[in-house]
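Numbers restart at 1 for each chain; the letters A, B, ... are given by sequence-line order, proteins then strands.
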Amino acid sequence: MSIAPDLSDWFRANARDLPWRRPGFTAWGTLVSEFMLQQTPVARVIPRLAEWLERWPSPSALAAAPPGDAVRAWASLGYPRRALNLHACAVAIAELHGGVVPEDVDQLLALPGVGPYTARAVAVFAYGHRHPVVDTNVRRVLARAVDGLGEPAPPSTRRDLAAMDALLPVTLTDARVFNAAAMELGAIVCTARAPKCDECPIRDACAWRAEGYPVYLGARKPVQKRFEGSDRQVRGLILAELRAVDVPVPASELTAVWADGTQRSRAIAGLLSDGLAVRTDAGYALPGH
DNA sequence: AACGCGTGGTG
DNA sequence: TCACCAAGCGT
């Protein structure tokens, strides 16, 4: 009953051909892709990633651009703070690391918008270091295969990293493949809804299967708050307005995108506070240099 | 630790 | 249709 060898063999035979798995893909490309993949599906990332790397092929190239250009190029990937953080990363890498993406996990963690997942993903996939990489897919795979639970407990970085570390093969190459394999299994076989257990390469070792696929019984919180009418929706609408034009947008024009003044003001204040927008004499705009 | 933060595809 | 979901992070 093994997990790592079978899963890794399956991955070597079945891995999707994704841009960040191409030979010669740069560490900068890996960092950009990981930022874009934070809560955004692969299919939506791929075209934006290609555009981004053609325009800004290095951290220094992005660092030289105004942050507003990054926010605009982020387009509809969602959570535009990531664009701002990625730009800030580029500046930090240019100024503190000689324009080279650092490979040390602690140095990566010190970069804005880089957390436990992204730091290890870059260290492992771009540089071949040996660390456990745990994302939402891996948490689900381990919950099922190891713990026999239909869905994972609430995330705990410390516990989750320890659980993956316990399964990690010894050699650099095997560890990297296993990390990628666990993510891939969660993404295309051991999915959140309707997992394809019949096609699973580790079904014979799966604790969840062995126990008859028990369903989770506890109460569940809503995955997300309602989007319609939310501050998130209003922020998104206002930012779309700022992205669409090259000149400051007068406050009077923003009344057209959301009528409720209280909520509109709150959204604008939030955008200003996050640095996603700035106030000028002529109105609101994306941040410049 | 729980919550806020976008956007669009899908069963 | 409409909840649910998608390679998280910062606070």
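Per the geometry, CG belonging to A:Leu161 stands 14 Å off P belonging to C:dG8, to the nearest Å. Protein atom CG of A:Leu108 is 17 Å distant from nucleotide atom P of C:dG8, rounded to whole Å. Atom CZ of A:Arg48 and atom P of C:dA7 are 19 Å apart (whole Å). Counting to the nearest Å, the P atom of C:dC4 and the CZ atom of A:Arg226 are 12 Å from each other. We find that CH2 of A:Trp74 is positioned 11 Å from C1' of C:dG8, with the value rounded to whole Å. For the pair A:Leu86 CG and C:dA7 C1', the computed distance is 15 Å after rounding to whole Å. Straight-line distance from the OH atom of A:Tyr117 to the P atom of C:dG10: 15 Å, rounded to whole Å. Here the C1' atom of nucleotide C:dA7 and the CD1 atom of A:Ile46 are 12 Å apart, to the nearest Å.
The same atom, P, is picked in B:dG6 and in C:dT1; the two are 26 Å apart, to the nearest Å. When the P atom is used for both C:dA7 and B:dA2, the distance is 22 Å, rounded to whole Å. Between B:dC3 and C:dC4, the two P atoms lie 16 Å apart (nearest whole Å).
For the pair A:Glu184 and A:Arg16, the salt-bridge criterion is met [side-chain N within less than 4.0 Å of a carboxylate O]. Salt bridge annotation for A:Asp198-A:Arg203: absent, with no cationic side-chain nitrogen under 4.0 angstrom from a carboxylate oxygen.
Take the nearest nucleotide of DNA chain C for A:Pro112 and for A:Arg16: the residue whose nucleotide is more 5' is A:Arg16. Summary of the strand contacts: A:Glu184 and A:Asn85 both lie near DNA chain C, and taking for each the nucleotide with the nearest heavy atom, the more 5' one is attributed to A:Glu184.
No engagement by A:Pro155 is indicated, since no non-hydrogen atom pair under 4.0 Å with the nucleic acid exists. Looking at heavy-atom distances under 4.0 Å, A:Thr118 makes contact with sugar-phosphate atoms alone, never a base. Within 4.0 Å of A:Arg140, counting heavy atoms only, lie sugar-phosphate atoms of the nucleic acid but no base atom. Using a 4.0 Å heavy-atom distance criterion, A:Trp20 is classed as a base contact. A:Val114 comes within contact range of the sugar-phosphate backbone alone, with a heavy-atom separation under 4.0 Å but no base atom that close. At a threshold of 4.0 angstrom between heavy atoms, the contacts of A:Thr136 are confined to the sugar-phosphate backbone, with no base atom among them. Among the protein residues, A:Ala192 comes within range of the sugar-phosphate backbone only, with heavy atoms under 4.0 Å from sugar or phosphate atoms but none that close to a base. Here A:Leu109 lies out of heavy-atom contact (under 4.0 Å) with every strand.
Among residues two or more places apart in sequence or in another chain, the side chain to side chain contact (heavy atoms under 4.5 Å, CB included) test is passed with A:Pro112 by A:Asn85, A:Ala88, A:Cys89. Partners of A:Glu51 according to the salt bridge (charged side-chain N to carboxylate O under 4.0 Å, His left out) rule, which considers only residues two or more places apart in sequence or in another chain, are A:Arg48. With sequence neighbours left out, A:Asp104 forms a side chain to side chain contact (heavy atoms under 4.5 Å, CB included) with A:Asp106, A:Gln107. With sequence neighbours excluded, no residue satisfies side chain to side chain contact (heavy atoms under 4.5 Å, CB included) with A:Ala269. Applying the side chain to side chain contact (heavy atoms under 4.5 Å, CB included) rule to A:Ser230 yields the partners A:Phe227, A:Arg232, A:Gln233; only residues at least two apart in sequence or on another chain are considered.
In this structure, A:Asp147 contributes its side chain and A:Leu149 its backbone to no donor-acceptor pair below 3.5 Å.
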Next on the checklist: Within the 4.0 Å limit for protein heavy atoms, which parts of nucleotides 3-11 of chain B are touched? Write it as a string from 5' to 3', B for base, S for sugar-phosphate only, - for none.
Outcome noted: SBBBBB---
